[in-house]
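Notes to accompany the following structure.
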Amino acid sequence: NIRRSMELLQSSAVARDIKLMLTVPVGMRVRGEQDALTQVITNLVNNAIVHNPARTQVTVDAEVLANGLVAVTVADNGQGIPEPACAGLFGRFYQVNRQAGPGYRGTGLGLAICKELIKKMNGDITVKSTERQGTTFTFTLPVG
């Protein structure tokens with residue numbers, strides 16, 4: 001499902017001159033609803049594409065951890081998110097630096113939905129960001 005999500009977003013990334021990279025171990029499985037997993041990956045990668053400038057990169061990595069969990073990381077090397085804003089990112093209707101006028105119009109629900117979906121699959125999701133260096137979302141789920 002991670003590969004399929006990346007394939008579906010490839011044209012959006014190319015249109016914005018953003019490179020997509022994927023590293024997932026062959027045969028890796030997670031326990032959880034596959035459509036929900038696809039929705040989470042698609043939302044996180046699409047956010048990185050939409051909210052970062054051209055000539056940046058979005059990387060999705062997955063690895064099996066020793067504690068029986070799979071960690072999936074969606075990282076970019078873009079503009080980053082101000083630290084005070086990170087605390088509210090998973091709240092409903094929360095948007096960082098929303099400005100009036102033309103441009104991207106999100107609802108502020110995507111990350112809240114991601115958090116709920118991951119929670120329902122017995123996982124966790126976190127964010128780390130440094131302004132002018134990028135943002136990393138990591139979620140963990142049980143091995144399938």
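Quick caveat: nothing in here was measured; it's all calculated off a predicted structure. Any value given below was found using the heavy atoms of this structure, including those in side chains, with hydrogens, waters and symmetry copies removed.
- A donor-acceptor distance shorter than 3.5 angstrom exists from the side chain of S129 to the backbone of G134, with no hydrogens or angles considered.
- Closest approach of T42 and L9 over heavy atoms only: O-CD1, 3.7 Å.
- At least one donor-acceptor pair under 3.5 Å links the side chain of N77 to the backbone N or O of Q57.
- Of all heavy-atom pairs spanning V74 and V45, the tightest one is CG1-CG2, 4.0 Å.
- Side-chain contact between V70 and M28 is present, with at least one heavy-atom pair separated by less than 4.5 Å.
- Rounded to the nearest 0.5 Å, atoms SG (C114) and CG (L37) are 10.0 Å apart.
- In this structure, Q79 CD and T135 OG1 are separated by 8.0 Å, a value rounded to the nearest 0.5 Å.
- Looking at every heavy atom in both residues, A48 comes nearest to I18 through O-CD1, 4.3 Å.
- Hydrophobic clustering (side-chain heavy atoms under 4.5 Å, transitive across Ile, Leu, Val, Met, Phe, Trp, Tyr) groups V72 together with V143.
- Residues E7 and S5 have side chains that never bring a donor and an acceptor to within less than 3.5 angstrom of each other.
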Do any side-chain atoms of residues 118-126 form donor-acceptor pairs under 3.5 angstrom with protein atoms, and if so which ones, sequence neighbours left out?
none

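- The two residues P25 and A62 make their nearest non-hydrogen contact at CD-O, 3.1 Å.
- The main-chain N or O of V24 is found under 3.5 Å from a side-chain atom of R3 such that the two form a donor-acceptor pair.
- A side-chain contact (heavy atoms from CB on, under 4.5 Å) with V30 is found for exactly one of V64, L69, L141, namely L141.
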Exercise for review: Would you check, one step at a time, whether the test side-chain contact (heavy atoms from CB on, under 4.5 Å) holds for I49 with L20?
Suggested key: CA-CA 9 Å; I49 291 169; L20 295 182; 4.2 Å; yes
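- N46 CG to I41 CD1: the interatomic distance, rounded to the nearest 0.5 Å, is 12.5 Å.
- Looking at N43, its side chain never comes within 3.5 Å of a backbone N or O of Q39 through a donor-acceptor pair.
- The structure places NE2 of H51 at 12.5 Å from OG1 of T56, a figure rounded to the nearest 0.5 Å.
- A 4.5 Å side-chain heavy-atom check between L111 and F137 finds at least one atom pair inside the cut-off.
- Of the inter-residue distances, the one linking K128 atom NZ with T136 atom OG1 reads 8.5 Å to the nearest 0.5 angstrom.
- V14 and M6 sit in two unconnected hydrophobic clusters of ILVMFWY residues. Membership requires side-chain heavy atoms under 4.5 Å apart, directly or through other members.
- A distance of 8.5 Å separates OG1 in T73 from CZ in F139, rounded to the nearest 0.5 Å.
- Listed by chain and number, the residues in a side-chain contact (heavy atoms from CB on, under 4.5 Å) with L8 are R4 (sequence neighbours excluded).
- Around atom CZ of R55, no more than 12 heavy atoms belonging to other residues, nucleotides or ligands sit under 6.0 Å away.
- Evaluation of the side-chain contact (heavy atoms from CB on, under 4.5 Å) rule for E83 yields no partner, not counting sequence neighbours.
- Remark: side-chain polar atoms of R16 are not paired, donor with acceptor, to backbone N or O of A54 under 3.5 angstrom.
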